[in-house]
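Shown next, in structure tokens, is the structure this report addresses.
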Amino acid sequence: MIEVKDIEKSFDGVKVLKGVSATFETGKINLIIGQSGSGKTVLMKSLVGLVRPEHGAILYDGRDLMTMDATQLRQLRTEIGMLFQGSALFDSETVLGNVEFPLMMYTRMTPAERRDRARFCLERVGLKGADEKFPSEISGGMQKRVAIARAIALNPKYLFCDEPNSGLDPKTSILIDELLYDITHEYGMTTVINTHDMNSVLGIGENIIFINKGHREWVGNKDLIYTTTNEALSDFVFATDLFQKVKAYVLEHTHQ
Amino acid sequence: MIIESSIARFGQYCIFMGRVFSVPQKWRVFGRKFIQEVGKLGLDSIPLTIVISIFIGAVICIQMQLNMTNPIMPAYSTGLATRDILLLEFSSAVLCLILSGKVGSNIASEIGTMRVTEQIDALEIMGINSACFLVLPKILAFMVFIPVLVIFSIATGLFGGWIIAAFTDLISVSRYIYGIQTMFIEWYVWYTIIKAIVFSVIITSVASYCGYYVKGGALEVGKASTNAVVSSYILILLFDLILTILLMQ
């Protein structure tokens, strides 16, 4: 479980996070949602230590990220996997090389053991036969899968995903969502996803944190979101005709 | 304002270099990267070094012969001047200025692209000191290999002069060979290698710094690449002056 307590962060005198507190639960898909510029990316970067908040605490199962020394931080980071928006695969490495990379840096596995583990992870994300290809030779969806395989190679306790569906077609987006959902439950990870994708919100949102103008405005799940009284959240999630119809349909059938 | 930002950048560069010169987390991975960088930065620079040095050696030989034709000038002067120009300035300072265009822009754009595509963030998230992991092998590989390039440059530059002697009527081969052997001072070789090693650190570290702190997208990567080359030029010329004063007096 990750707990965020009252964190604040400013850039050039402008407060982006204004005392955000939230809990990201173990074994669940935790979504951070909010409009562009609401502070959700800064929150995600604060969680993984890429941005240092000016105030507050970030507790990883009780261990405060803000007070860790370099060694403790390095140790914590071996427990973290991250999927970046643009996948962030290493261009100079093959698909297999990318997945093997964290194993090479943090384990004493033999090359054969590393290859086996990397192949297992690639198979787990449904990617076969692309081992020797370079990231530039595979599609965006495949790159995301490789990035997920790399993120889970060390069996992390915490998985962070920054906009995992961006740039993907709806079908591939759903496949990626399902994959993230499955591996979260299979490995009991604390998965935190930063997303704009309403299909993801309504499909896999087990714990949803809505950030608006630097504040945490709402916490709930995909079922509670239909009945929210928070106007900003409702406007954000059900912004299109299609999603308004979905909401009306769900509410109608729930009452019946 | 400019002074303030220059001091801030110098401070940032020093902190960056502090992170670069750390103990690598995995020596085996470092060794692999070091060998890759020797190939990419060193071996791949050999053809450019050879081509430039042959032509410059040939041109220096022609210029010396045409402009030093005087009865009081000894017969060996063309060969001697060609050798000393190559040895003292061309094969260290000028060669490094040229290589900073190739190697410096290559490093700045590679690291800059890694920054904007979040590959450096990915390394940091994995708990890896990205500055040390990416930059240290480049600096050490180029430092180790630059003497080889310098020696290649001197040898092929002298060969360029020999081509002029052998295939034109400007100067005889025997006079040229006699000239390049006359009054040879071994220290000049060490002097040029020392200078080249210092320049290699400037080229690789400045380019890495420019790439590492890129913010934005492709446009900024291009700007970082240009900044890396321009900054390297200025620093190489400055250090050329300083090292010449220190080592030749």
Side-chain angles (χ1 to χ4, degrees), chain A residues 11 41 44-45 47-52 65 68 70-93 97-111 114 135-136 143 146-147 150-151 153-154 156 158-163 166 192, chain B residues 8 15 18-19 22-41 44 106-138 141 208 211-218 220-221:
Chain A
F11 291 102
T41 301
M44 169 82 87
K45 287 191 171 178
L47 283 174
V48 294
L50 286 177
V51 165
R52 193 169 178 79
L65 176 81
M68 283 182 185
T71 315
Q72 289 169 320
L73 192 60
R74 211 166 22 248
Q75 171 57 35
L76 174 70
R77 280 180 165 163
T78 62
E79 299 171 18
I80 291 175
M82 182 150 182
L83 169 63
F84 285 86
Q85 191 173 352
S87 300
L89 297 176
F90 304 126
D91 300 326
S92 55
E93 299 281 347
N98 265 283
V99 184
E100 275 189 61
F101 183 80
L103 300 168
M104 195 161 63
M105 293 303 291
Y106 286 109
T107 68
R108 290 179 182 276
M109 287 179 174
T110 63
R114 278 202 311 264
S136 58
Q143 286 180 9
V146 178
R150 184 177 69 181
L154 285 172
Y158 316 98
L159 179 65
F160 293 89
C161 308
D162 189 15
E163 311 244 358
S166 74
V192 181
Chain B
I15 293 167
R19 288 191 64 210
S22 315
V23 180
Q25 278 164 269
K26 274 256 168 140
W27 283 103
R28 202 156 38 86
V29 178
F30 172 80
R32 205 183 74 171
K33 279 193 78 71
F34 175 80
I35 290 164
Q36 281 173 354
E37 297 299 344
V38 165
K40 209 164 62 180
L41 304 179
D44 287 356
N106 175 308
I107 292 174
S109 53
E110 180 191 322
I111 295 182
T113 305
M114 289 188 78
R115 169 61 75 191
V116 299
T117 55
E118 298 178 311
Q119 291 176 52
I120 291 179
D121 287 342
L123 286 169
E124 290 289 332
I125 293 292
M126 288 178 202
I128 294 163
N129 176 350
S130 59
C132 174
F133 180 81
L134 294 172
V135 181
L136 189 61
K138 290 185 195 298
S208 301
Y212 195 84
Y213 288 100
V214 163
K215 277 181 186 158
E220 282 74 17
V221 174

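So that the names make sense, note that chain A is the first sequence line, chain B the second, and so on, each numbered from 1. Values reported hereafter were calculated over all heavy atoms of this structure, with side chains retained and with hydrogens, waters and symmetry mates removed. Remember, it's a predicted structure, so these values are computed and weren't measured experimentally.
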Any side-chain heavy atom of [X] sitting closer than 4.5 Å to one from [Y]?
X: A/M82; Y: B/E124; value: no
X: B/I125; Y: A/F84; value: yes
X: B/Q25; Y: A/M105; value: yes

Which bit of [X] is near chain B, if near means a heavy-atom gap under 4.5 Å: side chain, backbone, both or neither?
X: A/L89; result: backbone
X: A/L50; result: side chain
X: A/Q75; result: neither

Worksheet item: salt bridge (Lys or Arg N to Asp or Glu O under 4.0 Å) between B/R32 and A/E93: does it pass, once the steps are laid out?
Response: CA-CA 13 Å; B/R32 205 183 74 171; A/E93 299 281 347; 3.2 Å; yes
Item to complete: Over all heavy atoms of both residues, which pair between A/F90 and B/Q119 is shortest? Give the atoms and the distance, please.
Response: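 Smallest interatomic distance, heavy atoms only, reads CA-OE1, 3.4 Å.
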Fill in: Nearest non-hydrogen partners of A/Q85 and B/E118, listed with the distance
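Shortest heavy-atom separation between A/Q85 and B/E118 comes out as N-OE1, 3.7 Å.
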Item to complete: Drop me the distance from B/I128's CD1 to A/R77's CZ, to the nearest 0.5 angstrom.
Response: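 One finds 10.5 Å between CD1 of B/I128 and CZ of A/R77.
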Discussion item. Run B/K26 and A/M104 through side chain to side chain contact (heavy atoms under 4.5 Å, CB included) and show every step you take.
Written reply: CA-CA 9 Å; B/K26 274 256 168 140; A/M104 195 161 63; 5.9 Å; no
Worksheet item: Looking at residues at least two apart in the chain, or sitting in another chain, which of them share a side-chain hydrogen bond (donor to acceptor under 3.5 Å, both in side chains) with B/K40?
Response: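 B/K40 satisfies side-chain hydrogen bond (donor to acceptor under 3.5 Å, both in side chains) with B/E110 only.
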Practice prompt. Find the one option among A/L83, A/V48, A/D91 whose heavy-atom pairs under 4.5 Å with chain B are most numerous.
Written response: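 The answer is A/D91.
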Worksheet item: Are A/F101 and B/F133 near enough that their ring centres are under 6.0 Å apart?
Response: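 So the answer is yes for these two rings.
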